[in-house]
Amino acid sequence: MIASVIVDVPAKQTDRAFEYRVPESMQGLIQRGMRVVVPFGPRKIQGFVVGFPEQSSFKQLKDIEELLDIVPVLNQELLSLGLWLSQETLCYQISAMQVMLPAAMKAKYEKVFDALVPIDDLPQTIIEHMDRNGQLTWKKGTENNLLRDLQTLVTSGEMELRYEVKSKAKKKKERIISLALSCDHAIEVIQSMSARSEKQKKVLHMFLQSENTPLPVKIVKEETGATSATIRTMIDRGFLEESQKEVYRDPFEHREFKRTKSFRLTDEQQQAIDPILDKVDDYSHETFLLHGVTGSGKTEVYLQTIDKVLQQDRQAIMLVPEISLTPQMVERFKGRFGDQVAVMHSGLSVGEKYDEWRKIHRKEVNVVVGARSAIFSPFERLGVIIIDEEHETSYKQEDTPRYHARDVAIERAKRHGCPVILGSATPSLETFARAQKGLYYLLTLSKRMNDQAMPHVSIVDMREELRKGNRSMFSRDLLEQLQLRLEKNEQTVLFLNKRGHSSFIMCRDCGYVMQCPYCEVSMTYHRHSEQMKCHYCGHQDRVPVICPECHSEHIRYFGTGTQKVEEELATLLPQARVIRMDVDTTSRKGSHEKLLAAFGEGQADILLGTQMIAKGLDFPNITLVGVLSADTMLHLPDFRSAEKTFQLLTQVSGRAGRHDKEGEVIIQTYTPEHYSIDLAKSQEFEAFYKHEMIMRKTGQYPPFYYMALITLSHENVLKVVAVCEEITSLIKQKLSSQVIILGPVASPIARIQNRYRYQCLIKYKQEQGLKPLLKSILNDYQSSKKDSITIQIDVQPYMMM
DNA sequence: AGCACGCCGACT
DNA sequence: GTCGGCGTGCTC
C-alpha cells in the first residue's frame, strides 16, 4: 500500500506529493487528511496524507514512520479546499493546509544526539550536558561548543544524531484520583486505621459518599484539607488510584452567560430572513447581502438563521472582524446557544485556540464565532456561513496564503450547499456591485429597531476654526457639546484616526522629520519609553534634541496621538474622567475588556481611542460621538481611501444613541466638501455608492477591474528595478491588450528593513492565462538562495503598501 | 527548508 | 597538499 504525502517543507521544489510505503501496522487505520511523520532525506518531518495511489513510478519507496492521528485532521472537503486555496492564492499546498489548522498543530523539529553505548563510557564533558534521558539536543551542543566532540562520537558509533518531530499541541491534563478498593473493603480499612490517620479517613469517606466517582486531586485537597503527601501515601498503600484526565482550557471559565430567547422579528427582518431560510431548507447555495443600517437588528437575523440550522442538525460559522473587541457579540451567542458555541479569536492563547478547535473537530459544538481563520472550522454539515461587517479589511489575510475569508466562505458554502450571509451597514463596493448585478441576493433592513432615530450628524470645518483663531484640536462646537454631556452625566466617545497621525518628530525650522534608517517611513515617538520607534522593522533610536539637518533646537514632537489629545482634554476639561484606549493601554491580555467594562459602568465620561473603538461598542449612555479629524485616512495612497473613510464615519456615528436617548455626532474635518464626508453626514450609502462607482470606473479600479500586485524587494535598488522591468515586459507580452499594467513603480513604502521595494500592478477583467503566468513568474524568480530577490504576489490585494 | 556534494581560493 | 567558503541540486 502506497500513500502520497504533502511534506512540511514550504519550497517550490517540494510543493508536490511524495510517495511512501504504508507499513502493515497502519493499514486499515490510515486515512487521507491524517498527519504522518516521514523520513525525508536525512531528517524526519511531518506531512499530510492526501491519497493512496495504486502504484508508484518511484522505485525505492521509504516507509511512513509514524501515524499522528486517529481521526483525520483535514476532512475530504478541507483537503480539496486546500488545493483550491493554493491555486487561488498562488501559495504552496502545505501553507494552505497549515493555515486551516490551529497553530499548535504545526510541527516543531529538533535534532538530538543519543547515546549508543552505556552512558558512563562517554566523555564527562558530554555527560554533564545530557538530560535525564541521556539525550543532548543539537541546540545545547552548539551552545556549549561540543559539536566537535559529538561529531567524533557519531563517527565512532558511540552516539547517533536523530531528527525528531515534536508536536507543540499539548493537551491540558488534570490529575484525577479514584478509590482503588471496593466500598466494603474501604470501610474495613477506615475501621482498621489508627486515630492519627484522620485526613486519610476523611478522603476515603469522601469517595464513599460520592460513590467512588473519580475526582480531581485539586478538589479532594480543598474538600478534605489533605495534602499532597497524604494522597501520595494513600496511592502508595494502594488505597487510591491515580490517572490523568484531559481537560479543555476554557477562556470563559469564570463567566456566566444569561440565557436568552429569540425576539419576535419585525416585518422587515422577517422579509429578510425568509429567503435565507428557504435556502437552508433546500440545501442550496446562495450569497445574500444583508444591508442593514446600524441598529437594524442584523444580529437577530443571524441568530434565528443559526437556530434553524441547528434544528436541522447542521452547523454554522459566524465570522466577526475581531471578536475580542466585541465581547458583547460573544455574550449574545453564548447566551442563545450556550455550550454549543466555540469561540476563536486572536486574543486566545495557542493552547486555548487548539482546545476550541478540538471541540469542533470532535463535534462537541455546532456553532463557531470567530475571526478570519475560523472560516476553516472542520465542520462537516454546514448550514450557513455568516460574515458580519463584511466590508472589514481584516478578512483579508496579509501574509501567505493571502486569502479573503469572503471568497473562502462562498467556496465552502458551494461545496456544502448552504447560504452565505454577508452583513453590513456599509458594504464594500465589490459586494454591493455584485448584489446590484444580481450575483448576490440583496436584502435590506432600512429601519432601526424600536424606531430609534438616526443620530444627528454635523460636520465642522476645521479651516474655519483656524481662521477664527481656534488652534486647538477641539472645535468650539465639540467642546460645547462635551461640556453639555458632562453636565448631564452622559458619555462621550472621541475617535482619533490614528493612521498617518501618530506622533512623529519634526523640526519647526527646516521641516526635517525623523525617518527610520532602514525603512522609508517616519519614526514614531513613544512617550513611555522616551524612544523613537519604527513600526515596520522595530528599529529604536533616541529622541533627537537638536535637528540633525539644521542643528535647530526647535525640533519637537508633532502630530496628534491619543496621549496628546488626552493632555489637551485635561487642560480644557479638567473635571472630565477619561479612559484612553490605544495600543499602549490595551497591549496586556484582557485589558481591552476591562477598559470597556469600566466605561460601560460609567466610571468615565469620555472614551478616547483609535480604530479599535469603532466597532461593537453599544452602551446606552453614549449620546455624543466626536471624530477629531475625519480626513487623515482620505489622503492615504489607496484607491479605497474614500470608501474606508465613509465606512468608518458611518460606523462611528452608529455608536451614538443606540437606545432611548438621542445621539449626536460631530465630525471635524479639513475637507468638508469631500463626498465621503458629506455623504456620511446624511448616511446615504446608495448615494455614496453611486459616486464612488463613477470614481472607480474612471480610475479603472475594482469592482470594474480585478487586480494582482507583484512586489519585489532587494537590497540593491538597481537589481529590483531591473527585475521588475523584466517581469513587467513579460506580462505585457503574454497577456491580452485589455490588461492595464501600472509599473514598475516604487512601493508606497519604498524600503523596509533596508530592502528596496518595487511593484507592478496588473488590472484585468478576464484573463485566462493570468494565473498560470503568475505561477511561472513565481517559479522563475522565487528562490531560497540568499542575496536573491524576494517576490510576492497578491491576487486581489487590499493593502497596496 | 535543510543538507550533501562539489568546485575554487588561502592556509598549516 | 587540505580546510572551508558557498553555489547547485535533491529529498519519495
**Prompt:** With a non-hydrogen cut-off below 4.0 angstrom, is A:Thr14 in contact with a base, only sugar-phosphate, or nothing?
**Reply:** base
**Geometric cation-pi criterion, A:Arg381 with A:Phe379: 6.0 Å, 45°** = no
**Asked** Below 4.0 angstrom from OP1 or OP2 of B:dA1, is there any side-chain N or O of A:Tyr92?
**Response** no
**Request:** For A:Gln13 and B:dG2, give me the distance from atom CD to atom P, rounded to whole Å.
**Result:** 14 Å
**Asked** C:dC12 base stacked by A:Phe18? Criteria: ring centres under 5.5 Å, plane angle under 30°.
**Response** no
**Message:** Just the rounded figure in Å: distance from P of C:dC12 to CZ of A:Phe52.
**Reply:** 19 Å
**Asked** Rounded to whole angstroms, how far apart are CH2 on A:Trp138 and C1' on B:dG2?
**Response** 11 Å
**Message:** Quick check with a 6.0 Å cut-off and a 45 degree axis cone: is A:Arg751 positioned over the face of A:Tyr756's six-membered ring?
**Reply:** yes
**Item:** Nearest-Å distance for atom pair NZ/C1', residues A:Lys44 and C:dC12
**Value:** 15 Å
**Message:** Output the rounded distance in Å from CD1 (A:Ile64) to C1' (C:dC12).
**Reply:** 11 Å
**Fill in**
With the side chain defined as heavy atoms from C-beta on, A:Lys111 is closest, among C:dC12, C:dT11, B:dC3, to B:dC3
**Item:** Sequence neighbours excluded - side-chain hydrogen bond (donor to acceptor under 3.5 Å, both in side chains) pairs with any residue from residues 44-54 of chain A
**Value:** none
**Fill in**
Rounded to whole Å, CZ of A:Arg43 lies from P of B:dC3 at a distance of 6 Å
**Request:** Whole angstrom is fine here: how far is it from CD1 in A:Ile94 over to P in C:dT11?
**Result:** 19 Å
**Request:** If a pair satisfies ring-ring contact (aromatic ring centres under 6.0 Å, His included) and one of its residues is in residues 59-95 of chain A, list it, with sequence neighbours excluded.
**Result:** none
**Prompt:** Just how far, in rounded Å, is P of C:dT11 from NZ of A:Lys59?
**Reply:** 10 Å
**Complete:** Of C:dC10, B:dC3, C:dC12, the nucleotide closest to the side chain of A:Tyr20 is C:dC12
